[in-house]
J.: 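One structure coming up, written as C-alpha cells, with questions to follow.
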Amino acid sequence: MSTLAKDGNSKAIQVLRPSTTSTVNLSASAASASAIGDARVARIVANDDCFYSVTGTASTVSVYLPANTIEYVHVYKGNVISFITAGNTGIAYVSEMV
C-alpha cells in the first residue's frame, strides 16, 4: 500500500506521477494513442485545438480540447484515447498518471 505525500499541515496531498507517454499526430482523420495500461488517470494536452474521445473514435462532436490546455481524464485499462484536429495539424500527448 502506498502512502500519500503530506503538506505543511500534515494533510494528505493527492498527487500522481507521470508514467508512459504516447504521442499522436493530429489530422483531419481520427488518430489514437496507445492503449492505457494500469493507470486510472490520463493527462492529455495538444499543441493545437482538437477533439478527443476516451470511449471510441473522435469526431468533431467529441470533447473539445483547446490548444495547450492540460486535461486529466478518468480511464480504465485498455481504453484508447482518440483525437481529431479542429483545423490545423499538430501533436497530442497522452501521459498515464500513476
Side-chain angles (χ1 to χ4, degrees):
M1 179 155 122
S2 62
T3 304
L4 292 175
K6 299 202 186 279
D7 65 15
N9 297 314
S10 296
K11 301 292 183 186
I13 304 170
Q14 295 190 22
V15 295
L16 297 168
R17 178 176 46 84
S19 181
T20 305
T21 298
S22 296
T23 303
V24 179
N25 292 317
L26 300 174
S27 69
S29 300
S32 301
S34 300
I36 299 294
D38 291 327
R40 295 298 299 268
V41 174
R43 175 187 183 264
I44 59 175
V45 63
N47 66 355
D48 201 14
D49 299 342
C50 64
F51 298 88
Y52 74 91
S53 175
V54 178
T55 58
T57 302
S59 70
T60 55
V61 296
S62 297
V63 180
Y64 177 69
L65 181 67
N68 303 312
T69 301
I70 297 171
E71 184 131 331
Y72 291 88
V73 294
H74 181 262
V75 292
Y76 293 104
K77 184 174 185 170
N79 280 158
V80 175
I81 301 177
S82 175
F83 297 88
I84 192 167
T85 186
N88 298 319
T89 59
I91 300 173
Y93 303 90
V94 177
S95 298
E96 296 182 32
M97 305 299 287
V98 293

J.: Rounded to the nearest 0.5 Å, what separates atom CG in N88 from atom OG in S27?
T.: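 So the CG of N88 and the OG of S27 are separated by 12.0 Å.
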J.: How long is the gap from CD on E71 to CD1 on I44, to the nearest 0.5 Å?
T.: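 The CD1 atom of I44 is 5.5 Å from CD of E71, to the nearest 0.5 Å.
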J.: Of all heavy-atom pairs between D48 and G90, which one has the smallest distance, and what is that distance?
T.: CB-CA, 4.5 Å
J.: Do M97 and I81 sit in one hydrophobic cluster, given that two such residues count as connected whenever their side-chain heavy atoms are within less than 4.5 Å of each other, even indirectly?
T.: no
J.: Mind listing the closest non-hydrogen atom pair of A31 and V24 along with its distance?
T.: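 Looking at all heavy atoms of both residues, the shortest contact is CB-CG1, 3.6 Å.
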J.: Nearest 0.5 Å, please: how far is CD1 in I84 from OG in S32?
T.: 10.5 Å
J.: For the NZ atom on K11, are there more than 12 heavy atoms of other groups (residues, nucleotides or ligands in this structure) within a distance under 6.0 Å?
T.: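 12 or below, so no.
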J.: Please answer: with hydrophobic residues joined when any side-chain heavy atoms are less than 4.5 Å apart, are V73 and I36 in the same cluster?
T.: yes
J.: Can you get from V75 to F51 by hopping between Ile, Leu, Val, Met, Phe, Trp and Tyr side chains that sit under 4.5 Å apart?
T.: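 As far as the 4.5 Å side-chain criterion goes, F51 and V75 are not connected within one cluster.
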J.: Does any non-hydrogen side-chain atom of T23 lie less than 4.5 Å from one of I91?
T.: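 Yes - at least one pair of side-chain heavy atoms lies under 4.5 Å apart.
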J.: Between CD1 of I70 and CG of L65, what distance do you get to the nearest 0.5 Å?
T.: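 Answer rounded to 0.5 Å: 10.0 Å.
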J.: My understanding is that only residues two or more places apart in sequence, or in another chain, count here; which of them pass salt bridge (Lys or Arg N to Asp or Glu O under 4.0 Å) with D7?
T.: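 D7: no salt bridge (Lys or Arg N to Asp or Glu O under 4.0 Å) contacts found.
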J.: Quick one: side chains of residues 54-64, donor-acceptor pairs under 3.5 Å with protein atoms, not counting sequence neighbours, listed by atom name and distance.
T.:
| residue | atom | partner | partner atom | Å |
| --- | --- | --- | --- | --- |
| S59 | OG | V61 | N | 3.4 |
| S62 | OG | S59 | N | 2.9 |
| S62 | OG | S59 | O | 3.2 |
| Y64 | OH | D49 | OD2 | 3.1 |

J.: Nearest 0.5 Å, what's the CG-OG1 distance between N25 and T85?
T.: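 Result: 11.0 Å between the selected atoms.
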J.: CG of L26 to CZ of F83: how many Å apart, nearest 0.5 Å?
T.: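 So the gap between those two atoms works out to 7.0 Å.
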